[in-house]
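To start, the structure itself, in structure tokens.
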Amino acid sequence: MTLSSFAKINLCIHLLGKRADGYHEIVTLMETVDLADDLALSGQEKGTTVTCSDPAVPTDGRNLVQKAAGLLRERCGLGDRGVRIHIEKRIPVAAGLAGGSGNAAMTLHGLNALWSLGLREEDLMDLAAELGSDVPFCLYGGVAVASGRGEKVAWLDAPGPRHYVLVCPPLEVASGWAYSQWKLELTKNASRINLISSVMQAGDGSKLASCLHNDLEPAVRAAHPEIDRARELLADAGSKGILMSGSGPSVFGLAPGRAEAERIAHDLRGRVEPSWRVFAVSSTSRRDATV
Ligand code: ATP
């Protein structure tokens, strides 16, 4: 069984405060885009064997797909039931695109089918929340507002597709570090979540560019000049809505159509070093309830 595991971008992130459990209280609007890893799952007698096309990604117990398989076994009383999972990595790692969270979410769906577990949406959402803040959203993707530490997800009906150019500088930003840099007193913006939600629900692409916001961006920008370079490249290419995704370092810009996104991406690839990755992407709709 092969499943596509989509990347996500954040069109808006507000941090509201630090919680007693160490996480931050956030509200964010996310959407999945058609940059995807492929996950190939197959049965084996026992244990989990993970392989990945990107040697930088750990394949042992630190990999979120291992954690997802372990959690399912434990909760469903499956002993050491076996699975092999190969990850064909295309989503840059630790890039603010939730690649690992998406892989974990698709492992839950895949094993639910492969092991005939019959878990329903609410069961999968609860398990996903234990694996990571972005995993519940990644189970179904599409467009949603997420709150709490990101695990409370309200899906929006936002007619698409929208088209973007993604510029991924060759560095990893640890989400924990980016969040730790945030200071409440430096956050002056009123929430744009309601505005951006209504603009997206109305399908008003022209207004979207002026609504985007990310509270994590100033600190990551200050520490990593690559963010400004990515922004400048996109601005020079004529993009209007430019924003860092998640805790970075990926930066995206809106494009009026897929052909224009492809043209800009092609142009930018000729202007950056080969270690920079540039993608033309389009939003994807919410998945069906199962694989
Ligand atoms: P988020 O936006 O949810 O913070 P991210 O895109 O910034 O996520 P990931 O690509 O998910 O970050 O990777 C974060 C860390 O998780 C990396 O250091 C990586 O080694 C580890 N990791 C564990 N499992 C995976 C996986 N299946 N794919 C990618 N990274 C993984």
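Each ligand, and each atom within it, is numbered from 1 in the order the structure gives. Bear in mind that the values here come from a model prediction, so they are computed numbers and not experimental data. Scope of the values below: all heavy atoms of this structure, side chains included, with no hydrogens, waters or symmetry mates.
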Per-atom contacts, ligand 1 versus [X] - under 4.0 Å to a heavy atom:
X	value
Leu97	2 (O), 6 (O)
Asn103	26 (C), 27 (N), 28 (N)
Ala95	5 (P), 6 (O), 7 (O)
Arg62	23 (C)

Select one of side chain, backbone, both or neither to describe which atoms of [X] lie under 4.0 Å from any atom of ligand 1, heavy atoms only.
X	result
Val93	both
Asn63	both
Ala98	both

Original post:
What do the steps show when you test Trp115 against Val83 for side-chain contact (heavy atoms from CB on, under 4.5 Å), and what is the final call?
Top reply: CA-CA 9 Å; Trp115 289 344; Val83 63; 3.9 Å; yes

Subject >> Polar contact flag for Val173 and ligand 1 (N/O pairs, less than 3.5 Å) >> reply: no

Which residue owns the protein heavy atom closest to [atom], what's the atom, and how far is it?
atom	value
atom 3 (O) of ligand 1	Asp134 OD2, 2.7 Å
atom 28 (N) of ligand 1	Lys89 NZ, 3.0 Å
atom 12 (O) of ligand 1	Ala94 CA, 3.3 Å

Original post:
Going by heavy atoms, is Lys67 under 4.0 Å from ligand 1?
Top reply: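 No heavy atom of Lys67 comes that close to ligand 1.
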
Original post:
Is the shortest distance from atom 24 (N) of ligand 1 to a protein heavy atom below 4.0 Å?
Top reply: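 Protein heavy atoms within 4.0 Å of atom 24 (N) of ligand 1 - there is at least one.
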
Original post:
Parallel, tilted or perpendicular for His224 and Trp177, by the 30°/60° rule?
Top reply: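 Rings of His224 and Trp177: perpendicular, as their planes differ by over 60°.
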
**OP:** Specify whether His109 and Tyr140 have parallel, tilted or perpendicular ring planes, treating 30° as the upper limit for parallel and 60° as the lower limit for perpendicular.
**Re:** perpendicular

Any salt bridge linking [X] with [Y]? Criterion: basic side-chain nitrogen under 4.0 Å from a carboxylate oxygen.
X	Y	answer
Arg75	Asp126	no
Asp236	Arg271	yes
Glu260	Arg263	yes

Original post:
atom 7 (O) of ligand 1: which of Gly96, Gly100, Gly246, Cys138 has the nearest heavy atom?
Top reply: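 Among Gly96, Gly100, Gly246, Cys138, the closest heavy atom to atom 7 (O) of ligand 1 belongs to Gly96.
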
Original post:
Just going by heavy-atom distances, which of Ser245, Ser101, Pro58, Ser175 is nearest to atom 4 (O) of ligand 1?
Top reply: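 Considering heavy atoms of Ser245, Ser101, Pro58, Ser175, the nearest to atom 4 (O) of ligand 1 sits in Ser175.
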
Original post:
Where do Arg221 and Met244 land on the side-chain contact (heavy atoms from CB on, under 4.5 Å) test, with the steps shown first?
Top reply: CA-CA 9 Å; Arg221 241 172 132 168; Met244 187 183 83; over 6 Å; no

Original post:
Looking at side-chain heavy atoms only, is the closest gap between Ile26 and Trp182 below 4.5 Å?
Top reply: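 SC-SC contact between Ile26 and Trp182 ruled out.
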
Original post:
Considering only heavy atoms from C-beta outward, does the side chain of Leu216 approach that of Asn10 to under 4.5 Å?
Top reply: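 Side-chain contact under 4.5 Å: no.
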
Subject >> Qualifying residue, where the test is salt bridge (charged side-chain N to carboxylate O under 4.0 Å, His left out) with Arg90 and the options are Asp54, Asp38, Asp37 >> reply: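 Running salt bridge (charged side-chain N to carboxylate O under 4.0 Å, His left out) over Asp54, Asp38, Asp37 with Arg90 returns exactly one hit, Asp38.
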
